Protein chains: 2
Amino acid sequence: MNAHTVALREDHVELLDQRLLPGEVRYLRLETGEEVAGAIEAMAVRGAPAIGVTAAMGVAIELERAPDRDLGTSLERVCERLARTRPTAVNLVWALERMRRSLLPRIAALEPPTEIRSKARALALEIQAEDIAICRELGDVGAELLPEHARVLTHCNAGALATAGYGTALGVIRSAMTRGRIKQVLACETRPFLQGARLTAWELVQERIPVTLITDSMAGSLMRRGEIDAVVVGADRIAANGDVANKIGTYTHAVVARHHGIPFYVAAPLSTVDLGTPTGDWIPIEYRDPEEVVTFAGQRIAPPGVEALHPAFDVTPADLVTAIITEGGVLRPPFGPALARCKAREPASGGGRSDR
Amino acid sequence: MNAHTVALREDHVELLDQRLLPGEVRYLRLETGEEVAGAIEAMAVRGAPAIGVTAAMGVAIELERAPDRDLGTSLERVCERLARTRPTAVNLVWALERMRRSLLPRIAALEPPTEIRSKARALALEIQAEDIAICRELGDVGAELLPEHARVLTHCNAGALATAGYGTALGVIRSAMTRGRIKQVLACETRPFLQGARLTAWELVQERIPVTLITDSMAGSLMRRGEIDAVVVGADRIAANGDVANKIGTYTHAVVARHHGIPFYVAAPLSTVDLGTPTGDWIPIEYRDPEEVVTFAGQRIAPPGVEALHPAFDVTPADLVTAIITEGGVLRPPFGPALARCKAREPASGGGRSDR
């Protein structure tokens, strides 16, 4: 891909404005934690892992600006602010917790401010580098699940743009492509924000991975006609029992895939797994502004006076998921014990749940 | 509704240009059969029954212009041209056949040209008036199927705009509304053409029927949360065994409704039933220009070089349909015998199948 999702510069976070894609590649220059929070809320960046990395960089940038004596309160304040931006994706809280846990003891121990700032910067970059490595790992693991000449359906964008690079669902597809296993990717456009049309198609066209764009409503009919071999999606949060929150529309694909006996795979780093959320019923679903449904590119598509709903995510129950693809391997049902085992081995989690 | 779908004037067909809705109410003035055919192809009018009525008027207008000695060849030519406009909806062929069968013997019998023209006009108006009466009948019949305080999902526009007036699926909803049974209509926006956002929402807002607009991808999640009591859709063609072709996305709603035990109703006049089509596999599915998928509200949403698919319809197998609501009553499975019985009683069909 000819663009990076996010980078930590000397005095700002450089963030690709994904709202302008595919028409324009433009970077935002974000100089404060507040600016980073605003960009996440406005969906200049989206995708659970990418939001986590961006937030960690937002913490580092905020600490660069904070007076020496205020590092502790600045850290708490910026983490609290960034955590409030979007409720569903758990990687955000996971990344912020990692920053807090590493930095607070140093601040309490009165380590030199320059060292604390440099540690913050190093940790944000570490989270970023890890995310790319993890995506490559789970991509390689997941690629083995796909048949030869696979026609793969994906929803939304769980690609390089949704992560620090490479992608989760698209990571699986990229790895499968290098093994010669991909015949065609069916990309759902993903209303209302059109991440599939704007972002997934853009990534795949650049890498010459054969991609065909469809509306979300066409997937079921293609499954019925035997034209889809597997569904691979990302996740915004995976509950302890394996229930999966992901972009609105995912649940429908899972039900129809089950109806047709088509495998339904979820690809996500373990940082997306939240053992503190027992089931999908506990996952907060973000409701966004209905204006995003009734308008497009500033143009109104529905009559005045009509109400609209905009839940940004839905929950797919674990029993519709064939396997969860993580850097810890391919997990099969029952997911509860498998997820607990993997999370216990996850180095970054400190072996426990993220206490939010 | 503050607008009529189509009207037969002295020397032209006056057709509401539905592509401009909800922003603008503008009528096309169509003076030849060819102009009517072009308007149907370009989807200025859509909806199976509305297309049938418009085509019948197109025949009448063409005969007004044809020289006296050419009435027979003009009739054949304009019917053949209009039949080619869109392949899936069967009401089109049904209406054209009705015109041909009534007029050809008169032409062959050398009846006076003025009388033939006046018969053509009268028959087109009769088809229009019948369509409204049929919609009211099936609306009243179907309304009884809905529970009190019903939250009803509908897809695309099977409303007054899709018919000569009143509507099929929206006819059921209108009738249920007058009985105080409707709590909420969930209208799927219906990509790529947005008939739900632009047309269904527009009709319902005008009549103060409570309507909430959702993207097509949200319906499954609402069903899972118990927020939908019934699905009611129209049809473009119903095969002899009860398989239903309707707007792309319908099949997915049917599968997810079945998964949740939610009744899935199809509302259509008997002219939509084609006993000459044994099953859904025989229904020709129209593939439209993929440009209609990669652009949204006139703006390009996908990167250059991406391919797209645009099947305009899908097929829902009979076993996912709870009941078919027609002017002949509510039909229950097995649909084959029930449809054959009703069609045999249908006055306009001459008791037989439409021989196309």
Side-chain angles (χ1 to χ4, degrees), chain A residues 21-23 155 186-192 194 196-198 201-202 204-206 210-222 224 247-256 258-260 285 290 293-294 296-297 299-311 313-315 317, chain B residues 21-23 155 186-192 194 197-198 201-202 204-206 210-222 224 247-256 258-260 285 290 293-294 296-311 313-315 317:
Chain A
L21 292 176
H155 189 69
L186 281 308
C188 292
E189 63 175 6
T190 317
R191 281 283 293 149
L194 297 168
R198 297 189 301 106
W202 187 70
L204 297 182
V205 164
Q206 282 185 64
V211 56
T212 301
L213 183 66
I214 59 173
T215 65
D216 306 328
S217 58
M218 292 173 191
S221 178
L222 291 174
R224 178 164 186 262
K247 180 55 51 194
I248 188 77
T250 302
Y251 171 65
T252 295
H253 297 317
V255 170
V256 186
R258 170 59 53 90
H259 186 77
H260 291 286
I285 298 297
V293 170
V294 298
F296 178 75
Q299 193 174 332
R300 201 166 166 97
I301 56 167
V306 68
E307 287 188 18
L309 287 179
H310 186 186
F313 304 95
D314 60 26
V315 171
Chain B
L21 292 175
H155 190 69
L186 281 307
C188 292
E189 62 175 7
T190 317
R191 280 284 289 152
L194 296 169
R198 297 188 302 105
W202 187 69
L204 297 182
V205 163
Q206 282 186 63
V211 55
T212 302
L213 182 65
I214 58 173
T215 65
D216 308 327
S217 58
M218 292 174 191
S221 178
L222 291 174
R224 179 164 186 263
K247 181 53 52 196
I248 187 77
T250 302
Y251 171 65
T252 296
H253 296 317
V255 171
V256 185
R258 170 60 52 91
H259 186 77
H260 291 286
I285 298 296
V293 169
V294 299
F296 191 106
Q299 198 171 331
R300 195 167 170 97
I301 56 168
V306 70
E307 287 188 17
L309 286 180
H310 187 186
F313 303 94
D314 60 25
V315 172

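First the proteins, then the strands, lettered A, B, ... as listed; each starts at 1. Hydrogens, waters and symmetry mates are skipped; everything else that's a heavy atom, side chains included, is used. This structure is a prediction, so every number in the text was calculated from the model and none was measured.
- Taking 4.5 Å as the limit, every side-chain heavy atom of B/Ser217 sits out of range of all side-chain heavy atoms of A/Thr252.
- No other option in A/Arg224, A/His259, A/Glu307, A/Gln299 has as many heavy-atom pairs under 4.5 Å with chain B as A/Arg224.
- Contact annotation for B/Pro290: neither backbone nor side-chain heavy atoms come within less than 4.5 Å of a heavy atom of chain A.
- For a residue to count as touching a neighbouring chain, one of its non-hydrogen atoms must lie under 4.5 Å from one of that chain's; by this rule B/Leu194 touches chain A with the side chain only.
- Both the backbone and the side chain of B/Pro303 come within less than 4.5 Å of a heavy atom of chain A.
- In this structure, the portions of B/Phe296 lying under 4.5 Å from any heavy atom of chain A include both its backbone and its side chain.
- Partner of A/Thr215 under the side-chain contact (heavy atoms from CB on, under 4.5 Å) criterion, chosen from B/Thr190, B/Thr215, B/Leu309, B/Val293: B/Val293.
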Exercise for the section: Go through the steps to decide whether B/His310 and A/Met218 satisfy the test side chain to side chain contact (heavy atoms under 4.5 Å, CB included), and finish with yes or no. Expected result: CA-CA 8 Å; B/His310 187 186; A/Met218 292 173 191; 3.9 Å; yes
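- By number of non-hydrogen pairs under 4.5 angstrom with chain B, the leading residue of A/Asp314, A/Thr212, A/Ile214, A/Leu204 is A/Thr212.
- With a threshold of 4.5 angstrom between heavy atoms, B/Val306 approaches chain A through its backbone and through its side chain.
- Residue contact with chain A, scored on non-hydrogen atoms closer than 4.5 Å, involves the side chain of B/Leu222 exclusively.
- Annotation: maximal heavy-atom pairing with chain A below 4.5 Å, among B/Cys188, B/Ala201, B/Pro210, B/Gly305, occurs at B/Ala201.
- The candidate with the highest count of non-hydrogen atom pairs below 4.5 Å against chain B, out of A/Leu21, A/Asp216, A/Val255, A/Ile285, is A/Val255.
- By the 30° and 60° cut-offs, the orientation of the rings of B/Tyr251 relative to A/His260 is tilted.
- Between B/Ile301 and A/Glu189, the closest side-chain pair of non-hydrogen atoms falls below 4.5 Å.
- Among A/Ile248, A/Val211, A/Val205, the residue with the largest count of heavy-atom pairs under 4.5 Å with chain B is A/Ile248.
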